[in-house]
Amino acid sequence: MPELRQNPITKQWVIIATERARRPHEFIQKKTDAAPLASYVEKCPFCPGNEHMAPPESFRIGQDGRWQVRVVPNKFAALASDGEVSRTTQGLKRTVSGVGVHEVVVETPDHSLTTALLAEEEVRQILECYKQRYFTLTDDPRVQNVTIFKNHGVSAGTSLEHPHSQIIATPIIPPDVRNRVEEALRFFDDSGECIFCKVLKEELADGVRIVHQTDHFVAFIPFASLTPFSLWIYPRRHMASYGEIQDEEMRDLARMLGTILAKLYHGLANPDFNYVLRTSPSEYRYCRYYHWYMSVIPRLTKTAGFELGSGMYINTTLPEVNAEFLRNVETPVAAAMSASKAESLRG
Ligand SMILES: [Zn+2]
Ligand SMILES: [Zn+2]
C-alpha cells in the first residue's frame, strides 16, 4: 500500500509509491547529440574578456588581475537596487516597493564546466563568495531576507550555459521562510530541542537514507522527500545562519557539495537540478531553534494539477532505495581518494 509521509518541519505531505516505485536507473538522463560546450564563447557575457557585456561587478575572488568567481548585478534584475522601501495598504491590497538586490554569481571563467566538475578549491571559493555577499546584503537595512540558489538546466529554470548561481535579497521575509522558522520555534518550545538537530540524529540512527558523510556535514534523502533524489545537506554543528560557517567547515562543505553534485552528474547523467541555501533571516542568526541547511533538488519529474490543488506531492520512488543508489555511485574524486588511501595503506 502507498504511504503518506510528512515533513516534520514544513508539515508538507507526500504520497510515496511503495510498491510500484520506479527504480533509480529509470531516471538516468538520455544522452543528447549536442556537441560539448566550448571553454570560451564570444557572445557570453560571463566569459573572461567579455566583462563589459555585464553590469559592473560587485565582488570578485581571484588574483593577479584574473578572477575565479565574480558577482555582477543581474542585467534583467527582478528588483531595483536603488530606492527606499515603502509599503501601502488599500483594503486587502498590500504592496511593497520592489527594492532589493538580484545578482549573478559567475562560478568559473570556463564556460564548458559545471559545478560537479570543479575542483574542491573552486567550489570553496563559490561558497566563500556566498558568505561575503550574505554579510554585505544583510547589512542593508532595506533587506529582510537573502535567498542563494542555483538553477542548472532548462527544467530547473535556466537556458544560460555558463556556470552560475544567483542571489536575491528581498525587502520582505517570504511566508515559506517565516513558516519554517515558526514551526522550528514551536518544536523548540515544546521539547527544548532544535528540530533540525533531532532530524539529523534520527537520520544518522536509521542510516538507510544517508548518502554521504564528511567531518562536518551529512547528506541524506529526507524521509518525506517530495521528489525523486531530493537531498538535504545538514551541518553537524548547530548554526542558525550560513554566516556562522567557519573556514574549515567551508572547505568540508565544498568537498561535500562537490561530491553530491558529482554523484548526481555521474549516477544520473547530468540531470537538471536546483540547489538552495536555507539560512535563517539575519535577525534569527544566533537562535537555538533554527538550523541552516542546503536542499539539492534534481528536476526529474514535473509537478502538475494535484500538487497545485493540494500542496501535496506524489513521489514515485523510495527515498531509501535512491539513497542506496547514490551512496554507491563512485565519483572520480572519491575513487581517486580511495585509490590513494589504498596506496598509503599498502605503503
Ligand atoms: Zn561563458
Ligand atoms: Zn540544530
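Basis for what follows: all heavy atoms, side chains included, without hydrogens, waters or symmetry-related copies. One-based numbering, in listed order, for ligands and for the atoms of each.
Salt-bridge annotation for Lys131 and Glu128: absent, with no side-chain N of the basic residue lying under 4.0 Å from a carboxylate O of the acidic one. Salt bridge status for Arg142 with Asp140: present, with a side-chain N to carboxylate O gap under 4.0 Å.
Around the NZ atom of Lys11, the shell of radius 6.0 Å holds more than 12 heavy atoms that belong to other residues, nucleotides or ligands.
Judged purely by atom type and a 3.5 angstrom limit, His238 uses its side chain to pair as donor or acceptor with the backbone of Tyr290.
The nearest N/O/S atom of His238 to the Zn ion (ligand 2) is ND1.
In summary, the side chains of Ser58 and Glu103 do present a donor paired with an acceptor at a separation below 3.5 Å, with no hydrogens or angles considered. Side-chain contact annotation: Tyr275 with Thr115, donor-acceptor N/O pair under 3.5 Å absent.
When ND1 of His291 and SG of Cys197 are joined through the Zn ion (ligand 2), the resulting angle is 110° to the nearest 10°.
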Pairs of donor and acceptor atoms involving the side chains of residues 187-194, under 3.5 Å and at least two apart or interchain, shall be tabulated with distances.
unit_1: Ser191; atom_1: OG; unit_2: Phe187; atom_2: O; d: 2.8
unit_1: Ser191; atom_1: OG; unit_2: Glu193; atom_2: N; d: 3.2

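Sorted by chain and number, the protein atoms of type N, O or S within less than 2.8 Å of the Zn ion (ligand 1) are Cys44 SG, Cys47 SG, His111 ND1, His162 ND1.
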